[in-house]
Amino acid sequence: MIRKVTVFSLRPVRLKTNRFSSLPTSPTSEPASQFPPNSILKTMCINGQLNEALLEMAIQGEGVRFEGYDSLLNECVNRRALREGQRVHAHMIKTRYLPPVYLRTRLIVLYTKCDCLGDARHVLDEMHERNVVSWTAMISAYSQRGHTLEALGLFVQMLRSGTPPNEFTFATILTCCSGACGFDRGRQVHSLIIKSNFESHIFVGSSLLDMYAKADRIHEARSVFERLPERDVVSCTAIIAGYAQLGLDEEALELFCHLQREGMKSNYVTYASVLTALSGLAALDQGRQVHNRVLRSDLSSYVVLQNSLIDMYSKCGSLSYARKVFDGMPERTVISWNAMLVGYGKHGIGREVIELYELMRKDKQVKPDSVTFMAVLSGCSHGGLVTEGLNIFNEMITDQDGIEPEIEHYGCVVDLLGRAGEVEKALTFIEQMPFKPTAAIWGSLLGACRVHANVLVGEYVAHRLFEIEPHNAGNYVILSNLYASAGRWADVTYIRQLMTEKSVAKEPGRSWINLGQTIHTFHASDRSHPRREEIFEKVRELSAKIKEAGYVPDLSCVLHDVDEEQKEKILLGHSEKLALAFGLIGIPHGLPIRVVKNLRICVDCHNFAKFLSKAYRREVSLRDSNRFHHILGGICSCGDYW
DNA sequence: ATAGGGTTAG
């Protein structure tokens, strides 16, 4: 206690009367000029002489006061100098200095910025009095490192303690309410925000709209955005990214163009987000435009943006451009490698997947992660490299990289075994794996059974699948294909009845084709296109021409209870056929016809495209939900396995 | 002093 008096004796005379009554609580309570020794500390810190200042601190001992500590901690935070900061903290303890709330909060900030959350929390826990900044700094530290539950728990404590949150607290806590599971909490926070009159704050507002978008409530997100009294890059990017992340690519693109016309200035996050939308749309022309603008801006060195460009080019069918971007990067993250690997995989170029993977292993700057293995395994599967894929999975099992295989990796192995025709082995593998098989796993095996005409296993697998997804029409279609390939027509009929009983719904199939800047979208039997007559005429012409070459419509792809003539008509109305016909009309000879489909391509359309490529000597690039099909001269890069 | 949006897979 005597020491304390010594310290306080340095207080300004006018405060002497109440010098024991309270600790200093604000930086202004001790004018700098009154404390020459602390001014020296301050000057040293301002001049960046932290080591000298620490020496001076040791010399001054108990003489160090608020201003000195403030300067020291400030410099330590700026430099993220943990050891030095710890010495300052230790000095306070040694000299029995009782830091005011302000300095304790500085300590919390120091520790959180240096990744020492435990130490920061310890300081917070020892505080008898806390302010909104102490709470928020700690909450933000948890939230930024993904410790969502701790952040939320602390937020609740904060509310109970009676400290009202401010705009900083709200902006940070909303990021902990993202996703479907956090939505209820997010809505509660929203009502608190409204009560506190913060809804139109630009930081709170963008965090809020992001919360809604990530909970799949895009309309609520948009309405928050529209109510913002002002807009900036972040809020604009948040709403664009919101659309893009939900797969509402056209809306994302439209909004991006609209906001640009209104004067939005894009940064690298904005471009990365719009590139995601363009990847989804396979809009190569617009993607190139964005790339050009990036090159003309000062943003081209952002790795995140380069990664988006790799992904955009590869999903727009231009692997060589993707590789050019990749090769031109001065620094690459694991995501750069993964994006490139995924690209080769989706295009079915297994050899490049393996080559790039080996190159990656030689690069000491990056380590493969779980996505890398997904990319490599599925790349081997799509590229027909069965043995290589199985070897890599075995490497995972022996735990050379410390990456535990997840259910998706097991799914890739099912795919690999299925492709190799080892359908029974794949079934045993599923039964022995440490996960409960998902619909995706069974679906993959059912596909293998279809290709290898294994009715016995296929029936079993289909019924497991129907238990999980009784209303997914695609599964019934594949089983029907399988029965048809075995000539079991009675069972094809039975499947049709089964579907009627279970009132199976089909997710609407959609195909589109980009002509310059315009996206032409088709649904099944779509008559909305202005050139519909021409398109239908082309489909009929096409069908007649390839029938001469041996094309036989696969009626098992149609599960409606109608006669055969009707079935063929339905088949000819499939959206990918309309898009292909339109491409044949609109895209000059010599250029590939690039069609995109939102679902997996059906067996009949795949066959149709192969015949088309031969009869019309056209290169067809068809992207379905799973991979690319490069079709030339009647042969598809998928090897008829997809 | 403390705060918001983003890239690969499924």
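Small disclaimer: the values here were computed from a predicted structure and weren't measured. Numbered from 1 within each chain, the chains take letters A, B, ... in sequence-line order. Because only heavy atoms are used, hydrogens play no part in the values below, and waters and symmetry mates are left out as well, while side chains stay in.
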Practice item. Give me the first and last nucleotide of DNA chain B, going 5' to 3', that has any atom under 4.0 Å from a heavy atom of chain A. Key: B/dA1 to B/dG10
Review point. Going by the angle between their ring planes, with limits at 30° and 60°, are A/Y97 and A/Y69 parallel, tilted or perpendicular?
Key: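 Judged by the thresholds at 30° and 60°, the geometry between A/Y97 and A/Y69 is tilted.
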Exercise for review: For A/E226, look at atom CD and say whether over 12 heavy atoms of other residues, nucleotides or ligands are found less than 6.0 Å away.
Suggested key: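 Enclosed: over 12 neighbouring heavy atoms sit under 6.0 Å from CD of A/E226.
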Using a cut-off of 4.0 Å on non-hydrogen atoms, how would the nucleic acid contact of [X] be classed: base, sugar-phosphate, or nothing?
X	value
A/A241	sugar-phosphate
A/N74	nothing
A/V233	base
A/Q306	nothing
A/S235	base

Practice item. Output the residues of residues 194-216 of chain A in contact with DNA chain B, where contact means a heavy atom of the residue under 4.0 Å from an atom of the strand; sort by number or write none. Key: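 Residues of residues 194-216 of chain A that come under 4.0 Å of DNA chain B are, in numerical order, A/H201, A/I202, A/F203, A/S206, A/S207, A/D210, A/K214.
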**Study point:** DNA chain B contacts made by residues 256-275 of chain A, counting heavy atoms under 4.0 Å
**Key:** A/N267, A/Y268, A/V269, A/T270, A/S273
Review point. From A/S336 OG over to A/Q365 CD, what is the distance, rounded to the nearest 0.5 angstrom?
Key: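 Result: 12.0 Å between the selected atoms.
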Review point. Testing A/R217, A/H190, A/R222, A/E220 for side-chain hydrogen bond (donor to acceptor under 3.5 Å, both in side chains) with A/Y212, which one passes?
Key: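 Result: among A/R217, A/H190, A/R222, A/E220, A/H190 is the only option passing the side-chain hydrogen bond (donor to acceptor under 3.5 Å, both in side chains) with A/Y212.
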Exercise for review: Apply side-chain hydrogen bond (donor to acceptor under 3.5 Å, both in side chains) to A/S71 and list each qualifying residue two or more places apart in sequence or on a separate chain.
Suggested key: none
Exercise for review: Please name all residues satisfying side-chain hydrogen bond (donor to acceptor under 3.5 Å, both in side chains) with A/N78, sequence neighbours left out, ordered by chain then number.
Suggested key: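 A/N78 satisfies side-chain hydrogen bond (donor to acceptor under 3.5 Å, both in side chains) with no residue once adjacent residues are dropped.
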Point to revise | Pairs involving residues 250-273 of chain A, ordered by first then second residue, that meet ring-ring contact (aromatic ring centres under 6.0 Å, His included) (sequence neighbours left out) | key: A/Y268-A/Y302
Check your understanding: Does A/R332 make a cation-pi contact with A/W337 (under 6.0 Å, within 45 degrees of the axis)?
Key -> yes
Review point. Any side-chain heavy atom of A/R323 sitting closer than 4.5 Å to one from A/Y344?
Key: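 They are in contact (side-chain heavy atoms under 4.5 Å apart), so the answer is yes.
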Review point. Are a donor atom and an acceptor atom from the side chains of A/H382 and A/Y641 found within less than 3.5 Å of each other?
Key: no
Exercise for review: Compute whether any side-chain donor of one residue and acceptor of the other, for A/Q245 and A/T276, lie under 3.5 angstrom apart.
Suggested key: no
